[in-house]
There are 2 protein chains.
Amino acid sequence: MRVVKAPAPPPEGVHDPRVGVIIVAAGASRRMTGEDALPLDKVFAPLAGKPMIAHTISAFQEYPQVGEIVLVLSQDNLERGRSLVAQGGWRRPVEVCLGGPRRQDSVKVGLQRLSPCSWIMVHDGARPCVTQELLQRALEEASTTGAAIPALPVNDTIKRVQDSFVLETLPRETLRAVQTPQVFRSELLRRAYQGDLDEVTDDASLVEKLGHRVKVFLGSYENIKVTTREDLVFAEAILRRRATP
Amino acid sequence: MRVVKAPAPPPEGVHDPRVGVIIVAAGASRRMTGEDALPLDKVFAPLAGKPMIAHTISAFQEYPQVGEIVLVLSQDNLERGRSLVAQGGWRRPVEVCLGGPRRQDSVKVGLQRLSPCSWIMVHDGARPCVTQELLQRALEEASTTGAAIPALPVNDTIKRVQDSFVLETLPRETLRAVQTPQVFRSELLRRAYQGDLDEVTDDASLVEKLGHRVKVFLGSYENIKVTTREDLVFAEAILRRRATP
């Protein structure tokens, strides 16, 4: 007897075209130190033939499920961003808006600007090497739990410190260094952002505060956050290698 | 009335010339991934005109308080290490010995080989950019508590994960990424290494297990651990810049 199986339904939400994207690039980069740190407008630094942020935007433009992109910039970069988007010739709309003092304030502005959608991806503008595979994986992982984030194992020994003394050495094998894109069901992220935004360093932590489970999957070693001049050289090498047929 | 103050005594231990050094470079580098990872014998990779490990040894040779250095290597590098040391022309004795399967096993071997001394510095062979200033600072900090380690603030968001879900987002401002050299009173480190060596990623954690306080001070952004080919390029730039008059 031949059993004719119905085709498996697509993972919930994965084929939903209404994915909204918030790209945050309004940071004052206060954590950078040393002479190798890049200046404020680093996301417009030239990288493999175009501004860094254009690579980041392009990755989301190419991803089929994306409906709309909100690009959140600092005051200094606002005009530059609008000009870039006007010339971009992209298929999907990109709205440029002014961010807030902290990253979380900027994401909140982005949420207010974003049209209604089913899924929201939040991504660092300074991660221009994000791939289609990572976006696909992120959306698939989020489809099972409503919230998913890429992360890498941690190589350093990390300790908790108080008043210049060690409080605790953290078990390294349980630690992950978080990347973006972080992907959430729209209503979940919007609810999370109604809470207290103090001492927040990523979007998932707000969702965790709601008691919602956040899935962690293996990110990409190439999905670096460009912070120093060395990172810029590294990102250039990654992007040029990919462009080589 | 003129009060004649006695000169302050030197910080306890700082002027004690009997500092023993353990340089560990016996690792199998299992944590490296990707095509950019360096091969097993990375500590002998050419760097600014000489093998990486020669830079590391030289830094401790130049530090006045050092009496003896034990260099712990893997089987594959043992002969190469002995040959390097034989040619080195260094003032202070360097003993080359075979390490164990894990980093902590290698440090334990180093402790057995080291002559009696007052202070012990443990350093990663793959951190060739360590400076005299960092060694001096480490010994000064250790002199107040018996145990001191350099560390840097953490830029990534770090989460604790279990079964691919977030357990906890750690408060970033309390986290530090630990470097070497880690400096200890000799008897304290020897006592610490009599304990259980499982799941140990740095020497200080064993001292912490004894209940002893470990001082944390600001390390150096240039004191990188060379793990990838990009790190090698970065280390070369750092060392060449310093060599330029």
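Everything numeric in this text was worked out from a predicted model, so none of it was measured. The sequence lines fix the lettering, A, B, ..., with proteins before strands; numbering per chain opens at 1.
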>> With a 4.5 Å cut-off on side-chain heavy atoms, are Lys159(B) and Val214(A) touching?
In response: no

> If you measure only the distance, is there a donor-acceptor pair under 3.5 Å linking the side chains of Thr174(A) and Gln162(B)?
Replying inline: no

> By number, which residues in residues 176-184 of chain B have some heavy atom less than 4.5 Å away from chain A?
Replying inline: Arg176(B), Ala177(B), Val178(B)

> Run the side chain to side chain contact (heavy atoms under 4.5 Å, CB included) check on Glu173(B) and Glu199(A) step by step: do they pass?
Replying inline: CA-CA 9 Å; Glu173(B) 68 281 4; Glu199(A) 292 173 22; 4.3 Å; yes

>> I'd like to check Val166(B) versus Ile149(A) (side-chain heavy atoms, cut-off strictly below 4.5 Å). Are they in contact?
In response: yes

>> Could you check whether any side-chain N or O of Thr157(B) sits under 3.5 Å from a backbone N or O of Thr201(A), counting only pairs where one atom can act as donor and the other as acceptor?
In response: yes

>> Between Ala151(A) and chain B, with a heavy-atom cut-off of 4.5 Å, which part of the residue counts as in contact: side chain, backbone, both or neither?
In response: neither

> Do the side chains of Val233(A) and Val233(B) get nearer than 4.5 Å, heavy atoms only?
Replying inline: no

>> Under 4.5 Å from any heavy atom of chain A, what part of Ala147(B) do you find: side chain, backbone, both or neither?
In response: neither

>> I want to check something: taking the side chain as every heavy atom from C-beta on, are Leu175(B) and Arg160(A) in contact at a cut-off of under 4.5 Å?
In response: yes

> Could you state the interatomic distance from NZ (Lys215(A)) to CG (Asp163(B)), rounded to the nearest 0.5 Å?
Replying inline: 10.5 Å

> How many angstroms lie between CD in Glu208(B) and CZ in Phe165(A), if you round to the nearest 0.5 Å?
Replying inline: 12.0 Å

>> Quick one, Val161(B) and Val216(A) - any side-chain contact, counting heavy atoms below 4.5 Å?
In response: yes

> What part of Leu170(A) gets closer than 4.5 Å to chain B, counting heavy atoms only: side chain, backbone, both or neither?
Replying inline: side chain

>> If you count heavy atoms of other groups shown closer than 6.0 angstrom to CZ of Arg242(A), is the number above 12?
In response: yes

